[in-house]
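I have placed the structure first, in the form of structure tokens, so that the comments after it can refer back to it.
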Amino acid sequence: MGKTWRLIDAGPCGAYHNMAFDEAIATSVRSAKEPPTLRLYGWDRPSVTLGCFQQASDIDRAYCASRGIPIVRRPTGGRAILHHRELTYSFSIRTDSGPFANGLLESYGAIAAAFHLAFRKAGIPAESKKQREKGRVLAGSPLCFQSSSYGEILVDNRKAAGSAQKRWSDGLLQQGSVPYSYDAAEIMRIFGAENFTALGSAMTCLEEVMPGLGEEEFRELLKTSFEETFGVSLLLCRPSPEEEALTRDLEESKYSLGSWNFRR
């Protein structure tokens, strides 16, 4: 594994573009055309992502349409998220060496270590969950932040960062969300009041746990934490022309289509 990885700081983008961009990066990293890549980004408007295997009926599609809230299905698993004011990330790497070659849990744990360090650097007493949940604990709610599983970041036993992963034989893509704030009323409308029960005791956000922490400051802390955790340098880069072309193609042929987003 090389000592220089890529950092792509994309800023706010549209929902379909975000998912297409993440898959395009993962494709180029898996083929060894590009080094391991951490992408940081946001959303140009409130948007909902569904887990790859999730039922679209878990959310109020009519309400989202009336509010102009895009719905897009992720390439990764997990459950739905209402994205808006947050730091979203994707991390793509080959799985032929290091901790990423040893399966799902070890790769989750390795990435969680970098996030745990970033929270600690910010002065936030975070913990990385060591227990893997399954069954009713995870299936009982369509909301990602309603419960936590292995490798996710907790503050006062409330989820502060969610993540999901897609693995191939030659690489992985992990996507995750760190909310700066969240809109409780909008979550209730999109997911239903019954699914909002006790959400405030299940999730938190950076503005609650560290009100003075700036968004740019946290991004820089995450960058340096990745570098320290993996012993690499992250070089700020633009996507390759091939990645940009593949992003456009995937956005048009997959992520903007109902046949992908509402196939379940």
Side-chain angles (χ1 to χ4, degrees), residues 13-23 26 41-86 88-90 104 108 132-152 158-159 161-167 173-179 181-205 250-264:
C13 304
Y16 308 141
H17 178 87
N18 275 335
M19 296 302 98
F21 200 174
D22 281 351
E23 183 174 338
Y41 59 97
W43 304 80
D44 64 359
R45 70 194 71 184
S47 304
V48 171
T49 65
L50 296 168
C52 186
F53 306 107
Q54 187 171 14
Q55 298 294 330
S57 58
D58 282 346
I59 63 173
D60 190 333
R61 290 170 55 186
Y63 177 78
C64 289
S66 72
R67 299 284 290 178
I69 298 172
I71 302 167
V72 64
R73 188 175 294 277
R74 298 190 303 269
T76 55
R79 293 160 297 146
I81 300 177
L82 172 62
H83 304 272
H84 192 203
R85 287 201 59 242
E86 65 175 52
T88 319
Y89 77 91
S90 70
L104 179 72
Y108 262 132
R132 187 180 187 186
E133 303 288 1
K134 58 183 179 179
R136 290 184 180 180
V137 175
L138 293 179
S141 170
L143 284 164
C144 171
F145 278 85
Q146 188 75 61
S147 62
S148 57
S149 190
Y150 183 86
E152 293 183 314
R158 294 186 295 163
K159 189 171 177 175
S163 58
Q165 195 174 115
K166 166 72 174 177
R167 295 183 71 88
L173 166 65
Q174 182 161 315
Q175 296 174 304
S177 168
V178 183
S181 65
Y182 62 91
D183 188 333
E186 197 75 316
I187 291 173
M188 188 182 300
R189 294 186 187 101
I190 293 170
F191 296 98
E194 68 277 9
N195 293 314
F196 184 70
T197 303
L199 181 59
S201 63
M203 75 172 292
T204 189
C205 61
L250 287 168
E251 185 173 354
E252 293 174 3
S253 65
K254 182 177 180 179
Y255 289 104
S256 62
L257 300 183
S259 56
W260 167 257
N261 293 322
F262 307 119
R263 63 189 175 91
R264 297 178 67 90

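Given the structure is predicted, the values throughout are model-derived calculations rather than measurements.
Ser57 and Gln55 share no side-chain donor-acceptor pair at under 3.5 Å.
Shown here for Cys13 and His17, the closest heavy-atom pair between the two residues is CB-CD2, 3.7 Å. The two atoms that bring His83 and Thr88 nearest to each other are ND1-OG1, 4.4 Å, heavy atoms only. Considering all non-hydrogen atoms of both residues, Ser181 and Cys205 come closest at CA-SG, 3.7 Å. Here the closest non-hydrogen pair linking Tyr41 and Ser90 is CE2-N, 4.1 Å. Nearest approach of Leu82 to Pro46, heavy atoms of both residues: CD1-CB, 4.3 Å. Scanning both residues, Tyr16 and Ile71, for their nearest heavy atoms gives CE2-O, 3.6 Å.
Atom CD in Gln174 sits 14.0 Å away from atom NZ in Lys166 (nearest 0.5 Å). Distance check, rounded to the nearest 0.5 Å: OG of Ser177 to CE of Met203 gives 7.5 Å. Expressed to the nearest 0.5 Å, how far OH of Tyr182 lies from OG1 of Thr204 amounts to 6.5 Å. Put simply, CG on Leu257 and CG on Leu250 are 11.0 Å apart, with the number rounded to the nearest 0.5 Å. Taking OG1 of Thr49 as the reference point, atom CD of Gln54 lies at 8.5 Å (rounded to 0.5 Å). Atoms OG1 and CZ, on Thr76 and Phe53 in that order, are 9.5 Å from each other to the nearest 0.5 Å.
The main-chain N or O of Gly51 is found under 3.5 Å from a side-chain atom of Arg73 such that the two form a donor-acceptor pair. A distance-only check finds a donor-acceptor pair linking the side chain of Arg74 to the backbone of Gly77 [under 3.5 Å].
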- Which is it for Ile69 and Glu186 under the side-chain contact (heavy atoms from CB on, under 4.5 Å) test, yes or no, and what are the steps along the way? CA-CA 11 Å; Ile69 298 172; Glu186 197 75 316; 3.6 Å; yes
- Query: Yes or no on side-chain contact (heavy atoms from CB on, under 4.5 Å) for Phe191 and Ile59, after CA distance, side-chain angles and deciding distance?
  - Reply: CA-CA 5 Å; Phe191 296 98; Ile59 63 173; 3.4 Å; yes
- Query: So Met19 and Gln175, side-chain contact (heavy atoms from CB on, under 4.5 Å) or not? Walk me through it.
  - Reply: CA-CA 10 Å; Met19 296 302 98; Gln175 296 174 304; 3.5 Å; yes
- Message: I'd like to know whether Glu86 forms a side-chain contact (heavy atoms from CB on, under 4.5 Å) with Trp43, so could you lay out the CA-CA distance, the side-chain angles of the two residues, the decisive distance to 0.1 Å, and finally the verdict.
- Response: CA-CA 8 Å; Glu86 65 175 52; Trp43 304 80; 3.3 Å; yes
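Looking at residues two or more places apart in sequence or on another chain, you find no side-chain hydrogen bond (donor to acceptor under 3.5 Å, both in side chains) involving Glu252. In terms of the side-chain hydrogen bond (donor to acceptor under 3.5 Å, both in side chains) criterion, residue partners of Asn18 (sequence neighbours excluded) are, by chain and number, Arg39.
Pairs engaging residues 255-264 under the side chain to side chain donor-acceptor pair (under 3.5 Å) rule: Glu23-Tyr255 [sequence neighbours left out].
Counted within 6.0 Å of CZ on Phe262, heavy atoms from surrounding residues, nucleotides or ligands total more than 12; the atom is thus considered enclosed.
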